Peer 1: 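Would you mind keeping the following structure in view while I ask a few things?
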Amino acid sequence: MVDRDRMPEHVAIIMDGNGRWAKKKGLPRLAGHNAGMKAMKKIVDHSDKLGIKYLTVYAFSTENWKRSIAEVTGIFKLLVTYVDSDLRELKENNVRVKVLGNYESLPSDAVKSLEKTLRETENNTGLQFNIALNYGGRDEIMKAVRAIGKKLEAGEISADDISEEMISEELFTGKLHADVPDPELIIRTSGELRLSNFLLWQGAYSELVFSDVLWPDFTPEEYEKAIAEYQSRERRFGGR
Ligand code: IPE
Ligand code: IPE
Ligand code: MG
């Protein structure tokens with residue numbers, strides 16, 4: 001099982017399969033998203049227990065706006081409910097919440113709940129829980145390039161000053177924002193074998209673990225299996 005001495009510092013998860021889970025049960029898609037929130041809550045708790053320092057979950061992509069209005073607004077409603085009802089518990093567990101993505105363009109009640117959570121957990125020192133919301137890897141890189149372009153325009157830097165560190169800093173995960181190291185492990189559930197625009201820059205050397213389990217059925221046991229799989233890998237980073 002998992003080796004507690006070799007835990008990844010940062011685990012990122014593409015929580016996929018809520019819709020299929022609901023369909024299998026003859027339920028509306030939103031019932032799947034609701035069950036997905038419950039699964040997420042357990043994984044947050046379990047990450048804390050395992051001593052993981054950073055957990056990032058992909059909750060809503062920049063492409064997910066293509067879905068029906070009913071589904072999109074339903075997802076954000078569930079999110080507000082989760083964030084509001086769990087704030088006390090997150091605080092008790094010393095969890096620091098951060099958002100990756102352009103959450104300001106979400107419905108205003110969601111923005112309000114999120115900002116309250118960010119503010120009230122800011123000084124916590126336990127698990128950092130990053131929620132990727134309205135997040136897209138390409139969008140994030142584009143924004144970083146833009147920010148650097150502005151510095152260039154202002155004459156603060158020259159083109160040769162642009163470095164990987166400078167780009168990293170400007171990403172949502174960068175020192176100027178959520179300040180998270182690159183994930184050692186990216187897990188995707190539901191049997192899909194792609195990144196779907198998640199952590200494109202940060203995932204350059206992440207180990208990818210795919211689980212066939214649909215997200216609402218992803219238990220702490222499945223989570224430990226994925227971590228054990230990661231621990232069985234040999235990471236080479238281009239060396240030999
Ligand atoms: C993941 O589940 C949650 C979000 C993308 C918001 P899906 O809603 O993508 O579920 P499937 O892939 O249709 O089963
Ligand atoms: C990725 O899942 C986004 C999230 C889990 C939030 P999708 O279901 O949106 O991805 P595709 O469409 O299958 O690539
Ligand atoms: Mg999906």
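Hydrogens, waters and symmetry mates play no part in the numbers below; they use all other heavy atoms, side chains included. Atoms within a ligand are numbered from 1 in the order they appear, just like the ligands themselves. Nothing here was measured: the structure is a model prediction, and the numbers come from that model.
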Peer 1: Identify whether I13 and V213 are in the same connected component of the hydrophobic contact network (ILVMFWY, side-chain heavy atoms under 4.5 Å).
Peer 2: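 Same cluster: I13 reaches V213 through Ile, Leu, Val, Met, Phe, Trp or Tyr contacts under 4.5 Å.
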Peer 1: Consider every N or O of S196 and every N or O of ligand 2, then say whether any pair is closer than 3.5 Å.
Peer 2: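 Looking only at distances, the answer is yes, because the N/O contact criterion of under 3.5 Å is met.
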Peer 1: Which atoms of ligand 1 sit under 4.0 Å from any heavy atom of R29?
Peer 2: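 Close to R29: 7 (P), 8 (O), 10 (O), 13 (O).
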Peer 1: Can you tell me if, anywhere in E192, an N/O/S atom lies at a distance from the Mg ion (ligand 3) that is smaller than 2.8 Å?
Peer 2: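 For E192, the answer is no, given that no N, O or S atom comes within less than 2.8 Å of the Mg ion (ligand 3).
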Peer 1: Look at atom 6 (C) of ligand 1 and say which protein heavy atom is nearest, naming residue and atom and giving the distance to 0.1 Å.
Peer 2: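 Its nearest protein heavy-atom neighbour is A59 O, 3.4 Å.
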Peer 1: Which atoms from ligand 1 have a heavy atom of I75 less than 4.0 Å away?
Peer 2: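 Going through ligand 1 atom by atom, the ones under 4.0 Å from I75 are 6 (C).
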Peer 1: Using a heavy-atom cut-off of under 4.0 Å, does the side chain or the backbone of F60 touch ligand 2, or both, or neither?
Peer 2: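 The backbone, only.
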Peer 1: Between E207 and Q231, is any side-chain donor less than 3.5 angstrom from a side-chain acceptor?
Peer 2: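 There is no such pair (donor and acceptor under 3.5 Å, judged by atom type) between the side chains of E207 and Q231.
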Peer 1: With rounding to the nearest 0.5 angstrom, report the CG to CD distance, D45 to E89.
Peer 2: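 Going from the CG atom of D45 to the CD atom of E89 covers 5.5 Å.
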Peer 1: Are side-chain N/O atoms of H177 and E169 paired as donor and acceptor at under 3.5 Å?
Peer 2: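 Looking only at side-chain atoms, E169 and H177 do not form any donor-acceptor pair under 3.5 Å.
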Peer 1: Where is the nearest protein heavy atom to atom 10 (O) of ligand 1: which residue, which atom, and how far?
Peer 2: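 Here the closest protein heavy atom is G19 N, 2.9 Å.
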Peer 1: Please confirm whether S190 comes under 4.0 Å of ligand 1, counting heavy atoms of the residue only.
Peer 2: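 Under 4.0 Å: no for S190.
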Peer 1: For atom 8 (O) of ligand 2, state which one of N134, I14, N18, D16 supplies the nearest heavy atom.
Peer 2: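 Residue with the shortest heavy-atom distance to the ligand atom: D16.
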Peer 1: Please give the atom name: the N, O or S atom of D16 nearest to the Mg ion (ligand 3).
Peer 2: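 For D16, the N/O/S atom sitting closest to the Mg ion (ligand 3) is OD1.
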Peer 1: For the residue pair S190 / R20, report whether a side-chain donor-acceptor contact shorter than 3.5 Å exists.
Peer 2: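 Side chains of R20 and S190: pair found under 3.5 Å.
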Peer 1: Would you confirm whether any non-hydrogen atom of the protein falls under 4.0 Å from atom 12 (O) of ligand 2?
Peer 2: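 Given the 4.0 Å limit, the answer for atom 12 (O) of ligand 2 is no, no protein heavy atom qualifies.
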Peer 1: Atom 2 (O) of ligand 2: which of R20, R188, R194, M15 has the nearest heavy atom?
Peer 2: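 Residue with the shortest heavy-atom distance to the ligand atom: R188.
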Peer 1: Hey, are S68 and R29 close enough side-chain-wise for a donor-acceptor pair under 3.5 Å?
Peer 2: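 Result is no, nothing qualifies.
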Peer 1: List the steps and the verdict of side-chain contact (heavy atoms from CB on, under 4.5 Å) for I148 and M166.
Peer 2: CA-CA 8 Å; I148 294 168; M166 196 183 280; 4.1 Å; yes
Peer 1: Would you call the rings of F60 and W65 parallel, tilted or perpendicular, taking 30° and 60° as the class edges?
Peer 2: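 Aromatic pair F60/W65 classed perpendicular.
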Peer 1: Any nitrogen or oxygen of N64, main chain or side chain, under 3.5 Å from a nitrogen or oxygen of ligand 2?
Peer 2: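 For ligand 2, there is an N or O atom that lies under 3.5 Å from one belonging to N64.
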Peer 1: Does at least one non-hydrogen atom of H33 fall below 4.0 angstrom from an atom of ligand 1?
Peer 2: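 Heavy atoms of H33 do come under 4.0 Å of ligand 1.
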Peer 1: Flag yes if L79 and V97 sit in one hydrophobic cluster, no otherwise; membership is Ile, Leu, Val, Met, Phe, Trp, Tyr, and two members link when side-chain heavy atoms are under 4.5 Å apart.
Peer 2: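 Yes.
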Peer 1: Would you say T121 and N124 are linked by a side-chain donor-acceptor pair, where the criterion is simply a distance under 3.5 Å?
Peer 2: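 No - no donor-acceptor pair under 3.5 Å links their side chains.
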Peer 1: Where's the contact between R67 and ligand 2, heavy-atom distance under 4.0 Å: side chain, backbone, both or neither?
Peer 2: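 Side chain only.
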